[in-house]
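Notes for the one structure printed next.
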Amino acid sequence: MTIAPHPSPSADRTSPKASADTLTVLSRRTLTSDIVELTLGRPEGGRLPDWTPGSHIDLILPSGSVRQYSLCGDRMDPLSYRIAVLRTPDGRGGSAEAHTLTPGTAVRFGGPRNNFRLGPASSYRFIAGGIGITPLLPMIRQAAELEADWRLLYLGRRSSALAYLPELAPHGDRVQVHCSHDAGRQDIAAWLGEMPDDCLVYACGPNPLLDDAEALRDRFSGPRIRTERFTGRAQSQSIDSSPYDITLAQSGRVIRAEADQTIGEALRAGGTEVVMSCGQGVCGTCELSVLRGEPDHRDSILDEQERDEGACVYPCVSRSLSKTLVLDL
């Protein structure tokens, strides 16, 4: 069982800020002491772009900061988007600003985009750590509608910090809540246990949790383990730190990248503007098609098969292992 590959980059590489639509905060709800839910819609009440479970949007805050948030509402509702925002005191300030939004406030958005697609299967296992529940809620809803076998492991330090527990309660013992403050660390492998060969596993949450989940990929050769990160993971040093050339196939222009430059940094220094929203290799905004060459993938989006295929690259964090990298630009 395989999950659909990432879509080819759009020929329109305009900035999400330039191409964004305007939304209004329709309602605000406090879920926990650190999480607020925002429901967004068009000021005139018009239809919003359709989306699929696992999708996120770029939220362009009044200050101009861009942050990515998973859509966690009902995808069959054409008039509103629902997101939940965790306030992170040691973050870059975007979550704190989002927490100040009130009904009637105008914001802009880009997307939706989906780097975390729900593939077809008869059985699913979902693993959420804290705010990582947000992209999984629509997946759970779809799995339930399809009458698929599914289970959710919802992890957190304390239950008071976990959002949407009342929404999950009707699912009964399909949902297991584990709080480390009371019960210690959860053994993910033991929870997964024996799974059907076509079972798909989706995990979202803090990087240590996802590192543990990804470490099980070799152990569970049948099931496919798919993860989504909200922040980029620490990357090991590149096996090649030499300068490299970037060829823009559509114009034939060659841009030299220095040893310490990412592809995105070199393109911008050479006068080629590329949309790089998160700058951490997690949101997928900057995806580019690779025509020739071997990328040095530094993102947290592609799986190992997609990295080996080398069909695309996320230039905000990635470089090149080959002396020349040819991009469809």
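Panel note: side chain Ser55, backbone Thr52; a donor-acceptor pair is recorded below 3.5 Å. At distances below 3.5 Å, not a single donor-acceptor pair connects side-chain atoms of Thr30 with backbone N or O atoms of Thr32. No side-chain donor-acceptor contact under 3.5 Å links Arg174 to the backbone of Asp149. Using modelled atom types, one side-chain atom of Arg82 and one backbone atom of Cys72 make a donor-acceptor pair closer than 3.5 Å. The backbone N or O of Tyr154 lies less than 3.5 Å from no partner atom in the side chain of Gln176, so there is not a single donor-acceptor pair. Distance alone, capped at 3.5 Å, is enough to place a donor-acceptor pair between the Arg217 side chain and the Ile225 backbone. Side chain of Glu97 to main chain of Gly94: no donor-acceptor pair is present (N/O by atom type, distance under 3.5 Å, no hydrogens or angles). Put simply, the side chain of Thr227 never gets that close to the backbone of Leu210: no donor and acceptor are under 3.5 Å apart. Side-chain N or O atoms of Arg292 include none that pairs as donor or acceptor with a backbone N or O of Leu325 at under 3.5 Å. Counting only distance, with no hydrogens or angles, the side chain of Arg319 and the backbone of Ala259 share a donor-acceptor pair below 3.5 Å.
Glu214 pairs in a salt bridge (charged side-chain N to carboxylate O under 4.0 Å, His left out) with only one of the listed residues (Arg226, Arg219, Arg224, Arg229), which is Arg229. Looking at Thr24, Leu59, Leu48 one by one, the single match for side-chain contact (heavy atoms from CB on, under 4.5 Å) with Leu40 turns out to be Leu59.
Counted by atom type alone, His178 and Gln186 present one or more donor-acceptor pairs between their side chains at under 3.5 Å. Checking Glu228 against Asn115 by side-chain atom types alone, no donor-acceptor pair falls below 3.5 Å. Between the side chains of Thr39 and Ser27, at least one donor N or O sits under 3.5 Å from an acceptor N or O. A donor-acceptor contact closer than 3.5 angstrom is absent between the side chains of Ser322 and Thr324.
Between atom CE of residue Met195 and atom CG of residue Leu200 there is a gap of 10.0 Å, rounded to the nearest 0.5 Å. Note that CG of Asp58 is 4.0 Å distant from CZ of Arg113, once rounded to the nearest 0.5 Å. Distance CG/Leu288 to CG/Leu267: 7.0 Å, rounded to 0.5 Å. If you take CD on Gln142 and CG on Leu137, they are separated by 13.5 Å, rounding to the nearest 0.5 Å. Note that the OG1 atom of Thr262 and the CZ atom of Arg268 stand 9.0 Å from one another [nearest 0.5 Å]. Taken to the nearest 0.5 Å, the CZ atom of Arg87 stands 10.0 Å off from the CD1 atom of Ile35.
Note: the hydrophobic cluster containing Val177 also contains Ile133 (ILVMFWY, side chain heavy atoms under 4.5 Å, direct or indirect links). Under the 4.5 Å side-chain heavy-atom criterion for Ile, Leu, Val, Met, Phe, Trp and Tyr, Leu216 and Leu153 are members of the same hydrophobic cluster. Note on Leu209 and Trp191: same hydrophobic cluster, where clusters join Ile, Leu, Val, Met, Phe, Trp and Tyr whose side-chain heavy atoms are under 4.5 Å apart, directly or indirectly. Leu302 and Val317 sit in two unconnected hydrophobic clusters of ILVMFWY residues. Membership requires side-chain heavy atoms under 4.5 Å apart, directly or through other members. Note on Leu31 and Leu26: separate hydrophobic clusters, where clusters join Ile, Leu, Val, Met, Phe, Trp and Tyr whose side-chain heavy atoms are under 4.5 Å apart, directly or indirectly.
With respect to the salt-bridge test (charged N to carboxylate O, under 4.0 angstrom), the residues Arg75 and Asp50 do not qualify. Taking a cutoff of 4.0 Å between a charged side-chain nitrogen and a carboxylate oxygen, Asp299 and Arg307 qualify as a salt bridge. Ionic pairing of Glu37 and Arg28 is not present here: no N-O contact between side-chain nitrogen and carboxylate oxygen is shorter than 4.0 angstrom. Looking at Arg157 and Asp182, no side-chain N of the basic residue comes within less than 4.0 Å of a carboxylate O on the acidic one, giving no salt bridge. The pair Arg185-Asp187 does not meet the salt-bridge criterion, since no charged nitrogen lies less than 4.0 angstrom from a carboxylate oxygen.
In this structure, Pro315 and Val313 approach most closely via the heavy-atom pair CD-O, 3.4 Å. Of all non-hydrogen atoms in Val85 and His99, the two that sit nearest each other are O-NE2, 2.9 Å. For the pair Pro196 and Arg125, the tightest heavy-atom approach, listed with the atom from each and the gap, is CD-NH2, 4.4 Å. For Lys323 against Ser242, the heavy-atom pair with the smallest separation is NZ-CB, 3.4 Å. Across Asp328 and Gln250, no two heavy atoms sit closer than the pair OD1-NE2, 3.1 Å. The two atoms that bring Ser159 and Cys179 nearest to each other are N-SG, 3.3 Å, heavy atoms only.
Using a 4.5 Å cut-off on side-chain heavy atoms (C-beta onward), Tyr124 and Ile140 make no contact. Taking 4.5 Å as the limit, every side-chain heavy atom of Ile255 sits out of range of all side-chain heavy atoms of Asp245. The closest side-chain heavy-atom distance from Val254 to Ile246 is not below 4.5 Å. With a 4.5 Å cut-off on side-chain heavy atoms, Ile263 and Gln261 do not count as touching. Looking only at side-chain heavy atoms (C-beta outward), Val25 and Thr102 stay at 4.5 Å or farther from each other. Taking the side chain as every heavy atom from C-beta outward, Leu291 and Leu327 never approach each other to under 4.5 Å. For the pair Val201 and Ile127, the minimum side-chain heavy-atom distance is below 4.5 Å.
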Intermediate values then yes/no, salt bridge (charged side-chain N to carboxylate O under 4.0 Å, His left out), Arg42 and Asp21: CA-CA 8 Å; Arg42 294 193 188 279; Asp21 289 330; 3.4 Å; yes
Side chain to side chain contact (heavy atoms under 4.5 Å, CB included) evaluation trace for Ser318 with Asp296: CA-CA 6 Å; Ser318 299; Asp296 180 9; 5.8 Å; no
Stepwise side chain to side chain contact (heavy atoms under 4.5 Å, CB included) check, Thr272 with Leu248: CA-CA 10 Å; Thr272 298; Leu248 311 184; 3.6 Å; yes
Give the C-alpha distance, both sets of side-chain angles, the deciding distance and a yes or no for side-chain hydrogen bond (donor to acceptor under 3.5 Å, both in side chains) between Asp198 and Ser122. CA-CA 7 Å; Asp198 72 338; Ser122 62; 2.6 Å; yes
Please step through side chain to side chain contact (heavy atoms under 4.5 Å, CB included) for the pair Val66 and Gln68, ending with a clear verdict. CA-CA 7 Å; Val66 182; Gln68 290 74 40; 3.9 Å; yes
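For Pro138, the side chain to side chain contact (heavy atoms under 4.5 Å, CB included) criterion is met by Trp51, Pro53, Arg141, not counting sequence neighbours.
Within the 6.0 Å centre-distance limit, the rings of Phe109 and Tyr81 are counted as a close aromatic pair.
Phe116 and Tyr202 have perpendicular rings, their planes meeting at more than 60° on a 0 to 90° scale where under 30° would count as parallel.
Atom CD of Glu44 sits in a crowded spot, with more than 12 heavy atoms from other residues, nucleotides or ligands closer than 6.0 Å.
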